[in-house]
Amino acid sequence: MPTFHIWTLGCQMNKADSLKLAAGLRRLGHVEVADDRDAELVVINTCSVRQHAEDRAYGRLGLLRKRREAGADFRIAVMGCIVGPTTGELERRFPWVDVWARPQQFNPILDLATPARDISEGEFWAETYGLPDGPSAFVPVVHGCDKFCAYCIVPLRRGRERSRPVTKVLDEVGHLARHGVREVTLLGQTIEAYGHDLDEGADLATLFEGIEHINGTDGILRTRFLTSYPRDLTDRIIDAVADLPKVCEHFNMPVQSGDDRVLERMRRGYTVAEYEQRVQRIRGRMPDAAIATDVIVGIPGESEEEFRNTVALLERVQFDVIHAAAYSPRPGTYAYRNQPDDVPAEVKKERLQTIEALHAESAARINRRLLGGTVEVLVEREQEGRSTGRTRHGQLVHFDATEMLGALVEVTVDRVTPWSLQGRLADALTLAVV
Ligand code: SF4
């Protein structure tokens with residue numbers, strides 16, 4: 001049987017795309033192999049959010065070229081965010097790649113793998129769901145993004161916002177539950193945009209409500225969602241998170257900067273005050289909710305004062321997690337064309353370190369509060385007698401136990417670091433999946 005291997009870079013959306021492509025290839029009789037040297041088809045699913053991710057894909061392509069030149073016989077497909085509407089430049093630069101496919105446009109890869117197939121493409125993909133690789137799974141519900149932030153390549157590569165029908169999403173979640181999934185993470189570049197383009201009047205809260213009813217022995221125990229965009233995060237959605245027991249009170253809401261002038265240059269579409277008003281609304285309904293955020297340092301023209309305003313915001317809000325990144329110009333974006341990358345690399349590095357130190361401090365403080373108490377954990381992995389899972393707030397927990405995969409358990413916390421909790425099993429709240 002023909003073999004394939006997919007190497008995935010980047011975000012959860014890419015991971016979900018890879019699982020879906022793998023499911024499609026399997027339906028057509030192909031077998032997935034763990035080592036790309038055993039594969040007749042090698043797929044690289046790329047990310048272009050930062051130059052570093054692109055460089056990793058290019059490095060791998062260089063290795064594949066050498067292997068080809070040494071006589072190995074296999075085909076190469078590249079998909080994901082480095083592939084834009086036109087591929088001329090990529091084709092010139094990497095003539096040894098057999099096919100290029102834009103995000104979620106898997107058909108060119110199927111054409112390469114199985115040119116003769118007797119199935120309508122629309123139906124084929126609508127009925128193809130990725131097979132989960134554990135008790136947690138990602139479910140893309142809205143593709144693309146309409147926000148066009150100045151620095152971001154995503155709308156140019158993933159296109160405009162497109163929501164999947166409610167019934168399709170719930171069917172997929174039901175399928176995942178029957179295959180042992182206990183926690184789904186609903187994905188969108190801006191997840192609350194879900195439903196804006198549907199006639200049925202649905203929104204993200206409609207999906208939460210539907211998933212609450214996927215019960216029984218093969219039920220979903222937890223629902224997560226990311227990534228939040230402050231202006232689309234309505235009171236109705238916040239209320240649904242507060243009221244529905246399965247929805248984890250864990251928000252991933254990038255702020256990107258704590259300075260209104262920078263937010264305007266970024267074209268983020270909200271002010272610091274509007275962002276903080278959303279935080280207050282969340283904490284008004286759920287005082288213990290976890291809020292994670294993203295920050296970009298060194299955006300074109302970012303002054304010391306503007307950066308200090310970001311630090312002040314982070315200190316005021318006390319986020320649970322802060323993901324920080326240094327600005328990296330992406331060809332094709334508004335910022336690339338109009339805003340010179342004028343913050344020196346060493347300044348970006350210093351600012352990054354300042355934010356990372358703030359994050360380590362706040363994560364350590366939050367985790368210390370849990371010492372001696374118990375936390376609810378969904379067990380996601382087991383290795384060498386140890387289990388690993390996450391709390392409802394997304395903290396990583398390690399504890400000594402086996403044969404608990406997929407179970408919801410209580411763990412007494414004995415030790416903490418800023419990045420994880422360690423403890424011992426206190427109670428099993430549900431049965432394990434396997
Ligand atoms: S909201 Fe902005 S940063 Fe996020 S994907 Fe859309 S354009 Fe990119």
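Note that ligands are numbered from 1 as they come in the structure, with each ligand's atoms numbered from 1 the same way. Values reported hereafter were calculated over all heavy atoms of this structure, with side chains retained and with hydrogens, waters and symmetry mates removed. Counting from 1, the numbers follow the sequence of the chain as shown.
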**Message:** K246: which residues meet the side-chain contact (heavy atoms from CB on, under 4.5 Å) condition with it, sequence neighbours left out?
**Reply:** E212, N215, T223
**Side-chain donor-acceptor pair present, H143, R158, cut-off under 3.5 Å** = no
**Message:** One thing to verify: whether K348 and D341 come together as a salt bridge, which I'm taking to mean a side-chain N less than 4.0 angstrom from a carboxylate O.
**Reply:** yes
**Request:** Distance to 0.1 Å, residue and atom name: give those for the protein heavy atom nearest to atom 3 (S) of ligand 1.
**Result:** Y151 OH, 3.5 Å
**Asked** Which atoms of ligand 1 sit under 4.0 Å from any heavy atom of R268?
**Response** 1 (S), 2 (Fe), 3 (S)
**Asked** Can you name the residues that form a side chain to side chain donor-acceptor pair (under 3.5 Å) with Y129, not counting sequence neighbours?
**Response** none
**Complete:** Across all chains, not counting sequence neighbours, the side-chain contact (heavy atoms from CB on, under 4.5 Å) partners of D288 are H393
**Prompt:** What protein N, O or S atoms come within a distance below 2.8 Å of atom 6 (Fe) of ligand 1, ordered by chain and number?
**Reply:** C145 SG
**Request:** Let me know which of I299, V297, D259 forms a side-chain contact (heavy atoms from CB on, under 4.5 Å) with F307.
**Result:** V297
**Asked** Does the side chain of D294 come under 3.5 Å of the side chain of Q256 through a donor N or O and an acceptor N or O?
**Response** no
